[in-house]
Amino acid sequence: MGDINIKYPDASAKKWPTGVTGNEIAYAISPKLAKKALAVQVNGKLLGLTEPLSEDAEIKIITFDDPEGKDVFWHSSAHLMAQALKRIYPGIRLGIGPPVADGFYYDIELDHVITPEEFGTVEDEMRKIVSQDFPVVRHNLTADEAVRFFAEKDELLKIELINDISGTGEQITTYSQGEFTDLCRGPHIISTSVLGENFKLLSVAGAYWRGDEKNKMLQRIYGTNYPDKNQLQEHLTRIEEAKKRDHRKLGRELDLFSISDEIGSGLILWHPKGAMIRHLIESYWKEQHIQNGYQLVSTPHTAKIDLWHTSGHTGFYQDNMFSPMNVDEVEYQLKPMNCPFHMMIYKSHLHSYRDLPIRYAELGTVYRYERSGVLHGLMRVRGFTQDDAHIYCHPDQLTDEIINVLDLNKKILSRFGFSEYDVYLSTRPEKYVGTDENWDHATKALQKALELKAIRYTIDPGEGVFYGPKIDIKIKDVLGRSWQCSTIQVDFNLPERFDLSYIDQDGIKYRPITIHRALMGSLERFFGILIEHYAGNFPYWLAPEQARVLPLTDRNLDYAGSILQALRAKGIRAEIDKRNEKIGFKIREAEVAKVPVMLIVGDSEQKAEKISVRIKGQGDKGQLTRIELFALLDDLGVKF
RNA sequence: GCCACCGUAGCUCAGUCGGUAGAGCAACUGAUUCGUAAUCAGUAGGUCGGCGGUUCGAAUCCGCCUGGUGGCUCCA
């Protein structure tokens, strides 16, 4: 047997006999590493630690700290859970059990409905399997062998999977641990003891077999697992924290908005405080857009159905639209998008190349039919306001315009405390309109803009919309969760359908390039994200009530009233708590209502013509004069 | 829409085996005029999501509907 040359991540290399395993190499590097090792990456391919290596390779030992390691760990955890489930529930059939973002799930078919109360039993069995320390063994099978094997176990869903795999010509493999064998590509951990005991089953929900609603509904059990107990605890704490910040809960507690079934699902009532925040967001948005060369437009909520035939929405978007209504024998369609209206504004007169770029912006409220099961607080609704804009430009202007949008987007999002993003560039899908040249030009323009701005991005091949390539931006909130808000899409479809044009220098009509973009996406959803991001503690500039005056006794009401007047005269959103209550109670109520500034006035302040300032979450700041108070408030306004 | 679970006062929730409903907070009234996260007392508030069934009797058991929650699918 010859030697093979193994190159390590630090670029050093070592000769190993052919057939060496990742496990052996890891041990040689350090026993500590070997203990943490879950898999090995060989020339970019992930392998199990016991698989023999037979050729020169660059390798990397994968641990839980690597994303691939998490996948392996959770994938194996899914197998562990499946084995336990099979022991407990006879007649169970397994679907698929992959790793996901924060853990794993397994889809199962079982007549008995599993409830969360049964999780403990399953976890106990999982613990048992871990302590039994079964080695995890990989086998190569032919399709026939695999079908026969799983048919014997009545694993009919697995047979469906095997038939699909054998169509691709890929090697069929199974992984066994103890009495349990699962169809799986792998890789997996070496033995069940590696999985430890810091796992937890989290929820059970329905899921269609292979995600297709024509198929039967399986039960999906979600769980998670961490090598370290503290990591599990952190994860569970994160879930708790997210629950505490739930915008539906805070929305009710802070009296921001409500949803009433007497009005209809997915339709939002903005209460005064929520509406104030919305007003502040909208004002800022409009100001920024005007400063950046946009023109504000405003369009109706409904239009004759012919407009939607022209735009094509009655075709490709029908499933998401409210049913049309009949007005004087003519069908009208509630708008699911603003685009056709903006196209019509563009079309309302002739355009010269000198006019371009033209940027129309609108906070346009649209209505979309969403299936009842997907509605979720403010995040998924049936009526919402898009911060929409359409830019019409010359092909040469495309890159500059994208850059302009990226800059504006960054500015607006950072104003709301979002500074981390994941950026995706989606390219041409299989079904598309427009010419290949146009797609190439536009895709390159998007790419160039991203590169000029030095923005790191991931390409989503084939994930573009049928009408053009797009950039999607996902923001990260304080809990590290991603939310897709901003989207910048090139549209080859609507300019064509609406026959848009401009006259170029040569006197000939050309079609303008259209960019469709939204930065916050939907005001409702963005507001929901903001609530959770800030946990309801809106920064001073967004707080619906910025300051509350708290008179100590009725003797101080007049003085307190004069402070209130002075604050309001300065444009500060202030209220007064005139109730005959103890100061501690008033403070508590103001704290709970998350009012940033409390202004306490009693006899002592009144006499000295001062105000005691208390900042939410910080406490007493001492007595200030009016001038000092306004300076402090200005400072808060600048900071946020 | 589909699967599972849930719906009791404005909010959070209790209600045993089927015997006609309860707490805290909030609201209202009164007393208290108080110094940095809950003053005390009293009053009022419910067709137990809706409709139907079983039963002498239903918040409780069954069915249907409706709304919500967690997912599937889709997306802003």
Side-chain angles (χ1 to χ4, degrees), chain A residues 95 100 105 107 109-110 113-117 202-222 243 246 248-249 252-253 255 258-266 317 319-320 336-337 364 366 368-388 465 472 474 483-487 517-529 550-557 579-593 598-605 612-623:
Chain A
V100 287
Y105 68 79
D107 282 349
E109 186 184 2
L110 180 66
V113 173
I114 295 182
T115 64
E117 285 78 56
L202 295 172
S203 64
V204 54
Y208 296 106
W209 170 232
R210 320 194 84 177
D212 187 337
E213 59 189 270
K214 288 195 239 13
N215 291 338
K216 68 185 122 195
M217 176 78 59
L218 306 180
Q219 300 183 58
R220 173 170 298 180
I221 304 176
Y222 284 91
K243 239 187 220 164
D246 192 314
R248 293 165 300 185
K249 182 173 172 279
R252 189 172 46 241
E253 285 171 6
D255 198 18
S258 64
I259 303 170
S260 158
D261 58 7
E262 285 164 80
I263 291 164
S265 300
Y317 212 68
D319 291 349
N320 283 293
M337 292 189 192
V366 298
R368 296 184 185 174
Y369 169 72
E370 297 286 356
R371 299 199 287 180
S372 61
V374 307
L375 298 171
H376 178 88
L378 295 176
M379 303 299 190
R380 200 64 191 279
V381 293
R382 284 181 174 160
F384 61 98
T385 302
Q386 286 184 309
D387 66 317
D388 212 351
V465 205
D472 286 330
K474 291 187 182 175
W483 305 92
Q484 202 219 298
C485 293
S486 320
T487 183
R517 44 116 287 192
L519 307 184
M520 300 183 289
S522 133
L523 276 187
E524 282 72 6
R525 183 160 171 276
F526 191 73
F527 183 51
I529 296 166
L550 308 177
L552 213 74
T553 74
D554 288 353
R555 284 192 304 283
N556 314 116
L557 282 180
R579 293 175 303 172
N580 174 12
E581 296 287 353
K582 289 173 125 170
I583 196 66
F585 181 78
K586 291 185 184 183
I587 286 170
R588 182 186 150 75
E589 297 243 307
E591 289 270 353
V592 169
M598 286 155 270
L599 302 171
I600 296 153
V601 289
D603 291 342
S604 135
E605 287 81 359
S612 280
V613 178
R614 186 189 158 96
I615 304 285
K616 188 190 110 56
Q618 295 179 21
D620 196 356
K621 294 286 171 189
Q623 294 194 0

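So that the names make sense, note that chain A is the first sequence line, chain B the second, and so on, each numbered from 1. Computed from a predicted structure; not experimentally measured. Values below: all heavy atoms of this structure, side chains included; hydrogens, waters and symmetry mates excluded.
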Within the structure shown, what part of the strands sits under 4.0 Å from A:Arg248 by heavy-atom distance: base, sugar-phosphate, or nothing? sugar-phosphate
Whether the side chain of A:Asp261 and the base of B:U66 hold a donor-acceptor pair under 3.5 Å is what I'd like checked. no
Taking only side-chain nitrogens and oxygens of A:Thr553, does any of them come within less than 4.0 Å of OP1 or OP2 of B:C34? no
How far, in whole Å, is B:A37 from B:G18 if one measures between their P atoms? 50 Å
Does OP1 or OP2 of B:U12 have a side-chain N or O of A:Arg252 closer than 4.0 Å? yes
Touch class at under 4.0 angstrom, heavy-atom based, for A:Ile587 against every strand present: base
Checking A:Asp620 against A:Arg614 for the salt bridge (Lys or Arg N to Asp or Glu O under 4.0 Å) test, could you report, in this order, the C-alpha distance in whole Å, the side-chain angles of both residues, the deciding distance, and whether it holds? CA-CA 4 Å; A:Asp620 196 356; A:Arg614 186 189 158 96; over 6 Å; no
Classify the nucleic acid contact of A:Val381 as base, sugar-phosphate or nothing, counting any heavy atom under 4.0 Å across all strands shown. base
So what does A:Arg368 touch, heavy atoms closer than 4.0 Å: a base, only the sugar-phosphate, or nothing? base
Looking at B:C74, does its base get a donor-acceptor pair with the side chain of A:Arg380 below 3.5 Å? yes
Can you check the distance between B:C61 and B:C48, where both ends of the measurement are the C1' atom (answer in whole Å)? 16 Å
Counting only distance, no hydrogens or angles, is the base of B:G1 paired donor-acceptor with the side chain of A:Tyr208 under 3.5 Å? yes
So, is A:Ser612 close to the B:U36 phosphate, meaning a side-chain N or O under 4.0 Å from OP1 or OP2? no
Give one of base, sugar-phosphate or nothing for A:Glu581, where a contact means two heavy atoms less than 4.0 Å apart. base
Quick one: label A:Ala207 by what it contacts on the DNA or RNA (base, sugar-phosphate, nothing), any heavy atom closer than 4.0 Å. sugar-phosphate
Remember a base hit wins even if backbone is also touched, and classify A:Gly584 as base, sugar-phosphate or nothing at under 4.0 Å, heavy atoms. sugar-phosphate
Test your reading of the model: is there a side-chain donor-acceptor pair from A:Lys616 to the backbone of A:Ala593, 3.5 Å cut-off? no
Does the ring of A:Phe384 meet both stacking tests against the six-membered base ring of B:A76: centre distance under 5.5 Å and plane angle under 30°? yes
Check whether the side chain of A:Arg525 and the base of B:A76 form a donor-acceptor pair under 3.5 Å. no
Do A:Ser265 and A:Glu370 meet the criterion of a side-chain donor-acceptor pair at a distance under 3.5 Å? no
Base of B:G35 paired with side chain of A:Glu605 (donor-acceptor, under 3.5 Å): yes
With heavy atoms under 4.0 Å as the rule, sort A:Leu375 into base, sugar-phosphate or nothing. sugar-phosphate
Touch check for A:Gly602, heavy atoms < 4.0 angstrom, all strands: base, sugar-phosphate only, or nothing? base
Any donor-acceptor pair under 3.5 Å joining the side chain of A:Glu370 to the base of B:A76? yes
Say you pick atom P in B:C64 and the same atom in B:C2; how far apart are they, in whole Å? 12 Å
Provide the distance between the two C1' atoms, one in B:C75 and one in B:A4, to the nearest whole Å. 24 Å
Looking at every strand, decide which applies to A:Arg220 at a 4.0 Å heavy-atom threshold: base, sugar-phosphate, or nothing. sugar-phosphate
What's A:Val113 touching, base or sugar-phosphate or nothing? Going by heavy atoms closer than 4.0 Å. sugar-phosphate
Tell me the stems RNA chain B sits in, counting at least three consecutive Watson-Crick or G-U wobble pairs, each under 3.5 Å on both distances. B:1-7 with B:66-72, B:10-13 with B:22-25, B:27-31 with B:39-43, B:49-53 with B:61-65
Given atom CZ of A:Arg382 and atom P of B:G1, what is their separation to the nearest angstrom? 8 Å
